[in-house]
Amino acid sequence: MFGTKLKTLIESKRPKVSPEIDPSTLSNYENFTITDATSLEFNIDFDSQTVSGVVEYSLKSQEPSEIILDTSFLVVSKVEINGEDVPDFKVLPRKEPLGAPLVIPNKSFTEFKLKIEFSTTQDCTAIQFLNKEATDGKMAPYLFSQCQPIHARSMVPCFDTPAVKSTYKMKCTSPYPSLMSGRPDPKNFNEEANDDTGLKTYYFDQPIPIPAYLIALASGDITKAPIGPRSHVYCEPKNIDSCQYEFENDMESFLQTAEKLVFPYEWDQYDALVLPSSFPYGGMENPNVTFATPTLISGDRENVDVIAHELAHSWSGNLVTNCSWEHFWLNEGWTVYLERRIQGNIHGESTRHFSAIIGWNDLENGIAAMGDSAKRYSTLVQDMKDRCDPDDAFSTVPYEKGSSLLFHIEQVVGGKAVFDPFIPHYFNTFKYKSLDTYQFLDTLYAFFKDQASALDTIDWETWLYKPGMPPVKPFSDTSLADQCYDLADKWYSTIIAGESITATFKASDIASFTSNQSVVFLDTLVALNKREDFYWKDHLSQLKEMSKIYETYSESKNAEVLFRWYVVQITGENKDFYDLLGEWLGTVGRMKYVRPGFTLLNQVDRERAVKYFHEFESGYHPICRAMVKKDLNL
Ligand code: BES
Ligand code: ZN
């Protein structure tokens, strides 16, 4: 199989059990298997801003064993085993950052039903409640969850590890339309409230086994519209037309392209919910209903790559799952790889390379921005055995190093035509399961047994275990990026030569750029600052001239473009932009902008950064608030 060098390397790292034990759970999940659909019920109370619920697991173990589940800031009120009350359960003290284990004694049963009643508290990290004023339509309050990576435990007692999967029968009660991560009962969105309390019950079936981090809940003034034969978009009624427009052109073609690359979509429906602005991610691949940031709705259909990404998770992540967050690249690296293959198949291979260029820039910037304590997170396979917070480990590394590795493997084995049969093979081998990097490598080498010597040319040690940039850049086609590089170069040479800005540059320079070309142009401008002879702050007057010539960027509705425009201007300490960025940070909740936005403002004007953070913190999602606090040392 492996060449000797790789064999020595891998065998020295390979864990004793496979898949590797997840260090980010306090549960004793290894003792149990889930034998039947878990029933999960949530009751949403907008007045107290809590969710109470009941969960019932069907469990089996070799020997009778106490059950330890993850919880975090939950109140557990009742536990039953096979219908019998278990009064002596205990919630142990918190162990930061992993929460408080719930210990349930059990001396008798090896096959049993475990039923738990619980309620969330104000400290719940998974759920954000919004007052109606914080929504777009201001008609009703709103609630949404975000469980990945380890916040499911603050919503429901569970084996909160991606290594454990279960099918579900889900329901929730709410006065407002509600969604969960399953197939919605057709009656859900049809009737009026069906009991005298004004509450309605919504039912969802999840017949495919999923890990706890994919449990999701949202409720509010939500309506839906079709965006394809098996897809809907959900959002607040006033945005329904713009949301439908944004996605309807691409949705089904993404699905069909992904199906050709891997195998047919197994989840039946693919829907997307566009959330209020405080949603902390671009998208979250909750099964059957991707949650998405409203920053995607830019009116130009140029952010649909996020939908391609979340859709690709239907195979990578949701069918085939990393067994712990140490192997997160198996989720995200594969997903970015598939996302770009989808785009490449639809729009041409240059588009794929172009996205990879943007990703490579993000990776360079992401690694450069990591402080000394975070450098450990720039390896592909991570080490979380010190029980660190997986939210702290989050970066572009699993995404971009991971997808670059897969791209590199594709080339090493002989290109797409040779690599492609491996894709369905891998996803079929591991679907409904969770795996680690070692199982991936075993499967790769077994599949390409005739190309083992080619695979052995890969510098695995650097790819898998060394911090920093990957050893090989797998893409070469810069045709779509060249115009962007050329324009940025022209700025550099004009400024260095001391020539006139207004005589050289015009608004029309950027008029034909797609949003992504503007992204690359602006990234390249920022990167000039890395040259030894060039600091934007030494060229403030030229930067101010640029801000007039390209003033359309200041009005961009595309958050990727607008954010980078602010970065260019603020890197050069153009003070005119400090408040523009500060105010903008009050209108977006996506951590991709909020965290680096505050970090940048903090670098040039800490007082202002702290002021804006305090002004807006109550509107941010709890995870986002906590991360920015860490970033700003507050
Ligand atoms: N699964 C992630 C979001 C996530 C990761 C949430 C880790 C919590 C912990 C999702 O699929 C994702 O990667 N979203 C990206 C968009 C994508 C196009 C790279 C994002 O939010 O920016
Ligand atoms: Zn993802």
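Residue numbers start at 1 and run along the sequence shown. One-based numbering, in listed order, for ligands and for the atoms of each. Side chains are part of it too, since the values below use all heavy atoms of this structure and drop only hydrogens, waters and symmetry mates.
- By the 6.0 Å and 45° rule, Arg301 stacks over the aromatic ring of Tyr245.
- Remark: aromatic rings of Phe430 and Trp315 are distant, center separation not under 6.0 Å.
- Lys375 NZ: more than 12 foreign heavy atoms inside a 6.0 Å radius.
- Within ligand 1, the atoms closer than 4.0 Å to a non-hydrogen atom of Gln146 are 6 (C), 8 (C), numbered from 1 in the order shown.
- Using bins of under 30°, 30° to 60° and over 60° for the plane-to-plane angle, the ring pair Trp334/Tyr337 lands in the perpendicular bin.
- Put simply, the side chain of Val520 reaches to within 4.5 Å of the side chain of Ile358, judged on heavy atoms.
- At a 3.5 angstrom cut-off on N or O pairs, Asp305 does not count as close to ligand 1.
- Between Glu339 and ligand 1, a contact under 3.5 Å exists for no N or O pair.
- The N/O atoms of Tyr281, backbone and side chain alike, include none that comes under 3.5 Å of an N/O atom in ligand 1.
- The protein heavy-atom contact nearest to atom 2 (C) of ligand 1 is Glu332 OE2, 3.3 Å.
- Closest protein heavy atom to atom 10 (C) of ligand 1: Gly283 O, 3.1 Å.
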**OP:** Carefully, step by step, assess Asp391 and His151 under the rule side-chain hydrogen bond (donor to acceptor under 3.5 Å, both in side chains).
**Re:** CA-CA 10 Å; Asp391 273 324; His151 301 283; 2.7 Å; yes
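- Residue-environment remark: NZ (Lys629) stays at or below the threshold of 12 foreign heavy atoms within 6.0 Å.
- At the shortest separation from atom 4 (C) of ligand 1 among protein heavy atoms lies Gln148 OE1, 3.2 Å.
- Annotation: cation-pi geometry not satisfied between Arg564 and Tyr553 (NZ/CZ under 6.0 angstrom from ring centroid, within 45° of ring axis).
- A cation-pi arrangement is absent between Arg595 and Phe394 under the rule of less than 6.0 angstrom and at most 45 degrees off the ring axis.
- Inclusion of Phe394 in the set of residues having an N or O under 3.5 Å from an N or O of ligand 1 is not warranted.
- Counting backbone and side-chain atoms alike, Glu332 contributes an N/O/S atom closer than 2.8 Å to the Zn ion (ligand 2).
- Distances below 4.0 Å separate heavy atoms of Glu310 from the following atoms of ligand 1: 10 (C), 11 (O), 12 (C), 14 (N), 16 (C).
- Not a single N or O atom of Asp391, backbone or side chain, sits closer than 3.5 Å to an N or O atom of ligand 1.
- Taking every non-hydrogen atom of Glu285 and a distance limit under 4.0 Å, the qualifying atoms of ligand 1 come out as 1 (N), 2 (C), 10 (C), 11 (O).
- Residue contact annotation: Met591 has no non-hydrogen atom under 4.0 Å from ligand 1.
- Close approach of ligand 1 to Pro149 (heavy-atom distance below 4.0 Å) involves ligand atoms 9 (C).
- For atom 13 (O) of ligand 1, the closest heavy atom belonging to the protein is Tyr399 OH, 2.6 Å.
- Shown are Leu600, Val594, Asn602; of these, the side-chain contact (heavy atoms from CB on, under 4.5 Å) with Phe598 is made only by Val594.
- Counting heavy atoms of neighbouring residues, nucleotides and ligands inside a 6.0 Å radius, atom NZ of Lys385 exceeds 12 of them.
- Those atoms of ligand 1 with a heavy atom of Gly282 less than 4.0 angstrom away are 20 (C), 21 (O), 22 (O).
- With hydrogens left out, the protein atom closest to atom 22 (O) of ligand 1 is Arg590 NH2, 3.2 Å, a heavy atom.
- Of all atoms in ligand 1, listed by their number and element, those nearer than 4.0 Å to a heavy atom of Phe328 are 5 (C), 7 (C).
- Proximity of the aromatic rings of Phe475 and Trp360 is defined here by a centroid distance below 6.0 angstrom, and this criterion is met.
- Looking only at its N/O/S atoms, His309 has NE2 as the one nearest to the Zn ion (ligand 2).
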